Visitor: 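I'd like to ask some things about the structure below.
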There are 2 protein chains.
Amino acid sequence: MVERLLQRIDREILAAGGKRSRCRAVVMEHFFRAGHHLTVEELTRNVRTAFPGIGGVTVYRTLKLLARMGYAKELDFGEGTRRYESNLSSHHDHLVCRECGAVIEFQDPRIERLQELVTRRHGFRPAAHRLEIYGCCRDCAAGGGRAGKR
Amino acid sequence: MVERLLQRIDREILAAGGKRSRCRAVVMEHFFRAGHHLTVEELTRNVRTAFPGIGGVTVYRTLKLLARMGYAKELDFGEGTRRYESNLSSHHDHLVCRECGAVIEFQDPRIERLQELVTRRHGFRPAAHRLEIYGCCRDCAAGGGRAGKR
DNA sequence: GTTACTATGAAAGTGAATTTCATGATCAGG
DNA sequence: CCTGATCATGAAATTCACTTTCATAGTAAC
C-alpha cells in the first residue's frame, strides 16, 4: 500500500530529473506510515531510530518536496513550528486542544457547502481553506488532561 | 471614538502598574485608525510617518500588549509573518486572495452554528476558531488583478 | 527636586527554516 | 565496468521574524 505509493512518487521524481536515494525513501516511508500532524523534529526523531545518521535538513527537504508534489500538506496550528500531514485522505479540518495538544480531525460536508455559498456571495473563487477550532478536548475537560498526547 | 478607547486602555495600563508613554499612544492610535490585518512592518512604516524616531521593537511590544489585554488579535495567514487586527468589531473570518493578497472579511452565523454542532459531537469545548478561505478574488478572477492591494 | 519605577531602542539572542558548499550517490552512455 | 554529469546529503552558515537584554530616557509618586 505504502510501497505502491512510494514507487509512484519515485517514478515521478525520476521523470522530473531527480534521482533515487535511500535517505529520502526512508523519510517518505516513515512519513506516510506515521499518523498525522508531524513536526519536522518529530519525524526526524522517528526516522533516526531506523536510520541514525540522517540529517534534519534532508527531512526538511523531503517534506518540502512532497508538499510541492502535492503528496503532503503543510499545517500551522500557531505553535511556532509547522506540521506536515499526508494529503492522501479526504479533506478534513482540525480540532486542536489547547490543554494537551491533541488534534482531532473532522469533516462536515455542510460546512464545505456553506463555504461555497459565502465565497460565491463575494465573487471569490475558492481554492483551499483551513478551519481550525481551538478549545478543550473531552479528556481535558473531564479531568486530569494527560499531557504530551498529540 | 478612538480617543475614548485610548483613554480606557491608558487607564487600564496605569491600573496594572504601567506608565503613560507618547510612543505607545502613537502606535495604538495608528493601529486602531488603520484598517485591519496589518503586519508589524506595515504599522511601523505608518507610524514612522508621524513619529520618525520610533523603533520597531516598540511596535512589537505595543501590539503584544494590546493582544494580551484583549484589544488586538494575532492573525496568521501563513505568510511567514503575523498580522494584527483590532479585536473590537464582531467575530469574522477571512477570504484571502492568493493573487493580490486582498483580504475580505465575512461573517456567517450558520457556519458558527455548525461549528457548535461539530465540537459537541466530539465532546470538545470550543474556545476560538479560525477559518480562512484562500483563492482568487473577484478582481483577480475578472482580469488584471492589481498587485499590492491588501 | 528626588526616588523608583517603567518605556525605549540598539544590539544581541532565539529558533525554525533555508541556503551554501564540499563530498558522496546515482544514473546514462560509452 | 568506467567515466562524467548531475543530483542528494549534511554540517555549517545564513535568513528572517520575533524576543530579550541592557543602558539610557521618560514618567509618576513622594
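Side chains are part of it too, since the values below use all heavy atoms of this structure and drop only hydrogens, waters and symmetry mates. Quick caveat, the model's predicted, so the values are computed rather than measured. The chains referred to below are lettered A, B, ... by the order of the sequence lines, with proteins before strands, and numbering in each begins at 1.
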Visitor: Ignoring backbone atoms, establish whether A:Ser21 has a side-chain N or O less than 4.0 Å from OP1 or OP2 of C:dT26.
Guide: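 It does not, given that no N or O in the side chain of A:Ser21 lies less than 4.0 Å from OP1 or OP2 of C:dT26.
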Visitor: Could you check how far CZ of A:Arg22 sits from P of D:dT9, rounded to whole Å?
Guide: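 Whole-Å distance recorded here is 12 Å.
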Visitor: So, is B:Arg82 near the phosphate of D:dA17, with a side-chain N or O under 4.0 Å from OP1 or OP2?
Guide: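 Looking at the OP1 and OP2 atoms of D:dA17, neither is under 4.0 Å from any side-chain N or O of B:Arg82.
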Visitor: Using whole Å, report how far CG of A:Asp76 lies from P of C:dA16.
Guide: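 Taking atom P of C:dA16 as the reference, CG of A:Asp76 is at 13 Å.
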Visitor: If only side-chain N and O atoms count, and only distance matters, is there a donor-acceptor pair under 3.5 Å linking B:His129 with B:Gln115?
Guide: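 The answer is yes; a qualifying pair exists.
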Visitor: Would you indicate, yes or no, if D:dA8 has its OP1 or OP2 atom less than 4.0 angstrom from a side-chain nitrogen or oxygen of A:Arg61?
Guide: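 Result: no.
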Visitor: Measure the distance from CZ on A:Arg11 to P on C:dT26 and round it to the nearest whole Å.
Guide: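 Nearest whole value for this atom pair: 20 Å.
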Visitor: From the set D:dT20, D:dG10, C:dT8, return the single nucleotide nearest to any side-chain atom of B:Thr58.
Guide: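 Shortest atom-to-atom distance from the side chain points to C:dT8.
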Visitor: If Ile, Leu, Val, Met, Phe, Trp and Tyr residues are connected whenever their side-chain heavy atoms lie under 4.5 Å apart, and connections chain through other members, are B:Tyr71 and B:Leu43 in the same group?
Guide: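 Yes; B:Leu43 is reachable from B:Tyr71 via cluster members.
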Visitor: Out of the candidates B:Lys64, B:Glu42, B:His37, only one should pair with B:Tyr84 under the side chain to side chain contact (heavy atoms under 4.5 Å, CB included) rule; please name it.
Guide: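 So, applying the side chain to side chain contact (heavy atoms under 4.5 Å, CB included) to B:Tyr84 and each of B:Lys64, B:Glu42, B:His37, only B:Lys64 qualifies.
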Visitor: With DNA chain C as reference, determine whether A:Val40 or A:Gly18 sits nearer its 5' end, using the nearest nucleotide of each.
Guide: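 Its nucleotide being nearer the 5' end, the pick is A:Val40.
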Visitor: Within this structure, what is the CD1-NE2 distance for the pair B:Ile104 and B:His92, rounded to the nearest 0.5 Å?
Guide: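 Output value for this atom pair is 12.0 Å.
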Visitor: Rounded to the Å, how far apart are B:Leu65 CG and D:dT20 P?
Guide: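 Value for this atom pair: 14 Å.
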Visitor: Could you tell me the separation between the CZ atom of B:Arg24 and the C1' atom of D:dA28, rounded to a whole number of Å?
Guide: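 Value for this atom pair: 13 Å.
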Visitor: Judged by each residue's nearest nucleotide on DNA chain D, which is more toward the 5′ side, B:Glu74 or B:Arg20?
Guide: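 Taking each residue's closest nucleotide, the earlier one in sequence belongs to B:Glu74.
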Visitor: Could you state the CG-C1' distance from B:Leu43 to D:dC18, rounded to the nearest angstrom?
Guide: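 Result: 15 Å.
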Visitor: Would the distance check show the side chain of B:Gln7 and the main-chain N or O of B:Arg4 forming a donor-acceptor pair, the cut-off being under 3.5 Å?
Guide: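 Checked: no pair found.
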Visitor: What integer distance in Å separates B:Asp10:CG from D:dG26:P?
Guide: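 Between P of D:dG26 and CG of B:Asp10: 18 Å.
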Visitor: Could you check whether B:Gly56 gets within reach of a base, just the sugar-phosphate, or nothing at all, counting any heavy atom under 4.0 Å?
Guide: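 It contacts nothing in the nucleic acid.
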Visitor: Does B:Lys64 have a side-chain nitrogen or oxygen under 4.0 Å from the phosphate oxygens OP1 or OP2 of D:dT19?
Guide: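 For D:dT19, OP1/OP2 do have a side-chain N/O of B:Lys64 under 4.0 Å.
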Visitor: Taking only N and O in the side chain of B:Thr81, is any of them less than 4.0 Å away from OP1 or OP2 of D:dC18?
Guide: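 Affirmative; the distance criterion is met.
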Visitor: Between atom CD in A:Glu79 and atom P in C:dG15, what is the gap in whole Å?
Guide: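 Answer to the nearest Å: 16 Å.
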Visitor: Between the base of C:dT26 and the side chain of A:Lys19, is there any donor-acceptor pair under 3.5 Å?
Guide: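 Such a pair is found, so the answer is yes.
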Visitor: Do the side-chain N or O atoms of A:Tyr60 get closer than 4.0 angstrom to the phosphate oxygens (OP1, OP2) of C:dT18?
Guide: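 Result: no.
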Visitor: Name the nucleic acid region contacted by A:Leu14, choosing base, sugar-phosphate or nothing; use a 4.0 angstrom heavy-atom cut-off, strictly under.
Guide: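 Nothing, no nucleic acid heavy atom in range.
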